[in-house]
Number of protein chains: 2
Amino acid sequence: MPTILDVARRAGVSKSLVSMVTRGEGGVSEEKRRAILEAIDELDYRPNAMARGLVQRQTRILGVMISDLQNPFFGAVISGIQERAEERGFRVLITTGDRTPSVEESAMENLLELRVDGLILASPRVGDEAIAHAGRSVPVVVLNRDTNDDSSDSVTNDNIAGARLAVEHLVSFGHRRIAFIEGGVGAGARIRREGYLRAMRDFGLEEEIVTVEGRHTEEGGHQGAMELLKMRVLPTAVFASNDLCAIGAMTAFEEAGLSIPDDLSLVGYDNNRMAALRHISLTTIDQPGGDMGRSAVERLLERIDGDRTEPSHDVVSPSLVVRSTTGPPRFEAKA
Amino acid sequence: MPTILDVARRAGVSKSLVSMVTRGEGGVSEEKRRAILEAIDELDYRPNAMARGLVQRQTRILGVMISDLQNPFFGAVISGIQERAEERGFRVLITTGDRTPSVEESAMENLLELRVDGLILASPRVGDEAIAHAGRSVPVVVLNRDTNDDSSDSVTNDNIAGARLAVEHLVSFGHRRIAFIEGGVGAGARIRREGYLRAMRDFGLEEEIVTVEGRHTEEGGHQGAMELLKMRVLPTAVFASNDLCAIGAMTAFEEAGLSIPDDLSLVGYDNNRMAALRHISLTTIDQPGGDMGRSAVERLLERIDGDRTEPSHDVVSPSLVVRSTTGPPRFEAKA
DNA sequence: TGTTCCTTTTGGAACGTTCCAAAATATAGC
DNA sequence: GCTATATTTTGGAACGTTCCAAAAGGAACA
C-alpha cells in the first residue's frame with residue numbers, strides 16, 4: 001500500500017507538499033499540485049487515517065453505539081446523526097451491542113480505543129459506571145436514558161410525560177384496568193415504568209396497576225402478553241414500553257382470539273415506522289428520533305469545540321399519535 | 001490522556017512490558033503484571049488503536065457499509081456478521097450510505113482510510129468501478145449484488161431463482177397479469193428484474209409483462225403501486241422487488257379500496273421481520289440474512305488469512321414463504 | 001547588485017504503539 | 001562459585017502522518 005513518501009517521490013516533491021495537498025491546504029503552486037494529484041491517482045494512494053489521527057490527536061469521527069439495530073426507531077436516529085455530523089465535517093462510525101450489556105461495553109471500548117472525538121450512546125443498557133467511565137475520556141451524549149450523574153450530556157424525550165399521555169388517552173376512553181409491559185432495565189425503560197406508575201396513581205388507579213416484563217423486543221412483548229392472558233381478570237387496555245413490544249403483544253392477543261381495539265386497547269411508544277404501517281396502525285407515543293439524533297450531535301460538538309463545559313440535559317416533548325388500536329372498553333368500567 | 005509511557009513510569013517498568021501485558025502476551029512475572037494492571041486501572045489507561053494499528057499494519061477491524069439502515073432486513077445481516085466476527089476475534093465497524101451512491105462512496109472511503117482489514121458491502125448502490133477500486137486495496141465481499149468482475153467476492157441469494165419462485169407461485173394460482181415493482185439500480189434489484197422477466201417468458205406470459213419503479217423503499221413502493229392503479233387494466237398480482245416496497249404498495253392498494261388477496265395478490269422479497277408480522281403477513285421470498293452475514297465474514301477471513309486468492313461467489317437458495325397476501329385471481333384468467 | 005519581502009518548499013521531530021535484538025537476571029548443573 | 005541456559009526485561013527503530021521553523025526562490029525596488 002503506497003504511502004505519502006511514494007507519492008512524493010513519484011511527483012518529485014517533498015512529503016510535506018503532498019500532505020498539504022491531501023489536506024486541502026493552500027499555498028501550493030498549480031504545477032506541483034497537478035503533479036501530486038496525478039501521482040496520487042496513479043498510485044491509488046489513500047491517506048492513512050491512523051497516522052493522521054495519531055499526530056493530530058483528533059479523528060473527526062463521532063462514534064455511535066446503538067443498543068439494538070433491529071429496532072427501526074434507531075434508523076431514524078442514525079439518519080439524524082449522520083446528517084448533522086456531515087454538515088459539521090465529522091464522520092460517523094457505528095457499533096452495536098445486540099441489547100447485551102457486555103457486548104455494548106466492548107462496542108463502546110472499541111470506539112474509545114479508536115479515539116473517536118465524541119460518543120453517542122443510543123438507549124444503552126450498560127451500567128451507569130461504564131458510561132461515567134467513558135465520559136471521563138471523551139464527550140459523551142446519552143440518548144433516551146436519564147443519566148443521573150453529570151459525566152455526560154443527555155438527550156431524552158420526556159418519558160414521564162409520554163407515559164402519562166398514553167395512560168391519559170386510555171383513561172379518557174373509560175379504561176381503568178390498564179396493564180403495562182415493561183422494557184427491562186436500562187434505556188428509558190425504567191423511567192417509562194415510573195411514568196406509568198405515577199400516572200396510574202394520579203388518576204386514582206393505583207389498585208389497577210399490573211406490570212409484566214417485555215424486554216423491549218417483539219418476542220418479549222409476546223411473552224409479556226401471554227402472561228397477562230393467564231390472569232383471571234384481563235386488563236381492558238395495555239400500554240407497552242415500546243412499539244416492538246406492543247407489536248409482539250398485539251400478535252399474542254390476536255392469537256388468543258381477542259380483537260383489538262374491541263376487546264382490548266393497545267398503546268406503544270416510539271412511533272417507529274412499523275407502527276405507522278397501515279396494517280399495524282398502532283396508537284403510540286411519538287418521539288422524534290431524527291431530531292434527537294441531530295441534537296445529540298450538536299451537544300457533542302459544543303463539548304468538542306469547548307464551547308460548553310456544563311452538563312446539558314435536553315428533553316424533547318413526546319406526543320400522542322392516535323391510530324386504530326385504541327377505543328372504549330367493551331364493558332363499562334365498574335366506576 | 002495517559003499513554004503507555006505513563007503507565008510504565010507509574011508501574012516502574014519499561015513500556016515494552018506494559019505492551020506485553022495489554023496484548024496478553026506471556027512471559028511477564030506475576031509481580032510486574034500486577035503492578036502494571038494496577039497502574040492501568042489507576043490511570044484509566046486505554047491503548048491507542050491508531051498507534052497500534054500503525055505499527056502492526058493491521059487493525060483486526062471489519063468494515064461494513066450498509067446501504068439502508070432503515071431496512072430491517074439488514075438488522076439480521078449485521079447480527080450474523082457481528083456474531084461470526086466476534087468468534088474470530090475481529091471487531092465490526094458500520095457505516096451507512098443512506099441509499100445514495102455518493103454518500104455510500106464516502107462511507108466506504110472512511111473505512112478504507114481507517115485501514116480496516118476487510119470490507120463488507122451490503123447491497124451497495126455505488127458503481128462497479130468504486131467496488132473494484134476498493135477491492136484493489138483490501139479484501140471486499142459484496143452482499144446481494146452480483147458483481148461481474150472478480151476484484152471482490154460475493155455472497156448473494158439466487159435472485160433469478162427467487163424471482164421465479166414468486167412468479168411461479170402466482171401462476172400456480174392462475175394469475176397471468178403479474179406486474180413487477182422494481183428496486184432501482186444496484187443491489188440485487190437488477191437481477192430480480194431479470195429473473196421476473198425470464199420467468200414471465202418461460203411461463204409464456206411475455207405479453208403480460210408490466211414493470212414500474214419502486215426504489216426499494218416503502219415510499220417508492222407506494223408510488224409504484226399508484227402508477228399501476230392508473231393503468232386501464234389492472235394486474236391481478238404484483239411482485240415487488242423487496243418487502244419494504246411490497247408493504248408500501250400494499251398500503252396504496254388498500255387505500256384505493258382493493259382487498260388483498262381477493263382483488264390482488266402481492267409477493268415481496270427478503271422476508272424481513274415486518275413481513276412476518278401477523279398484521280402484514282406478506283407472502284415473500286426468504287433470504288437468510290444472518291447466514292449471508294456469517295458467510296461474508298468467512299469469505300473475508302479466508303482472504304485476510306491468505307487461505308484463498310481465487311474469487312468466490314457464494315449463492316444461497318431463497319425459498320418461498322406463503323402467507324396471507326396471495327390467492328387465486330378474482331376472475332378466471334382468460335386462458 | 002544588493003536588500004527586503006513574499007511565496008513556495010523542505011527536512012526533522014513528534015504522535016503512541018509494537019517489534020526485535022540484546023541486556024539483565026534467575027536457575028540449574030557440576 | 002562458575003558456567004551454561006532459561007527467563008524476564010529493556011531501549012531503540014519503525015509505522016505514516018502532520019506540524020513547524022527554516023531554507024530556497026522570485027519579485028520589487030533602490
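Numbers restart at 1 for each chain; the letters A, B, ... are given by sequence-line order, proteins then strands.
Screening A:Asn144, A:Thr156, A:Asn159 for a side chain to side chain donor-acceptor pair (under 3.5 Å) involving A:Gln287 leaves a single residue, A:Asn144.
Under a 3.5 Å cut-off, the side chain of A:Arg303 and the backbone N or O of A:Thr309 do form a donor-acceptor pair. Using a distance-only test at 3.5 Å, with no hydrogens or angles considered, a donor-acceptor pair links the side chain of B:Arg308 to the main chain of B:Arg299. Of the possible polar contacts, one joining the A:Asn110 side chain to the A:Ser106 backbone as a donor-acceptor pair under 3.5 Å is found. The backbone N or O of B:Ile66 lies less than 3.5 Å from a partner atom in the side chain of B:Thr96, making a donor-acceptor pair. B:Asp117 places a side-chain N or O within 3.5 Å of a backbone atom of B:Arg60 that can act as its donor or acceptor partner.
Taken residue by residue, residues 9-19 of chain B places heavy atoms nearer than 4.0 Å to DNA chain D at B:Val13, B:Ser14, B:Lys15, B:Ser16, B:Leu17.
In terms of position along DNA chain D, the nucleotide closest to B:Gly27 lies nearer the 5' end than the nucleotide closest to the other residue of the pair B:Gly27 and A:Ala51. Comparing B:Glu25 and B:Leu54 against DNA chain C, the residue whose closest nucleotide sits nearer the 5' end is B:Leu54.
Bracketed by its first and final contacts, the part of DNA chain C lying under 4.0 Å from non-hydrogen atoms of chain B reaches from C:dG16 to C:dC19 in 5' to 3' order.
More than 12 heavy atoms of other residues, nucleotides or ligands lie within 6.0 Å of CD in B:Glu302, so this atom counts as buried by the packing criterion.
Salt-bridge check for A:Glu298 with A:Arg88: passed, with a basic side-chain N closer than 4.0 Å to an acidic carboxylate O. At a threshold of 4.0 Å, the pair B:Asp128-B:Arg145 counts as salt-bridged, since one of the basic side-chain nitrogens sits closer than that to a carboxylate oxygen.
We find that CZ of B:Arg33 is positioned 14 Å from C1' of D:dT9, with the value rounded to whole Å.
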- Item | Residue pair A:Arg46, B:Ser137: steps toward the side-chain hydrogen bond (donor to acceptor under 3.5 Å, both in side chains) verdict | CA-CA 9 Å; A:Arg46 186 160 19 229; B:Ser137 19; 2.4 Å; yes

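Comparing the helix axis at one end of the helix from C:dT1-D:dA30 to C:dC30-D:dG1 with that at the other, each defined from 5 consecutive pairs, gives an inter-axis angle of 50° (nearest 10°).
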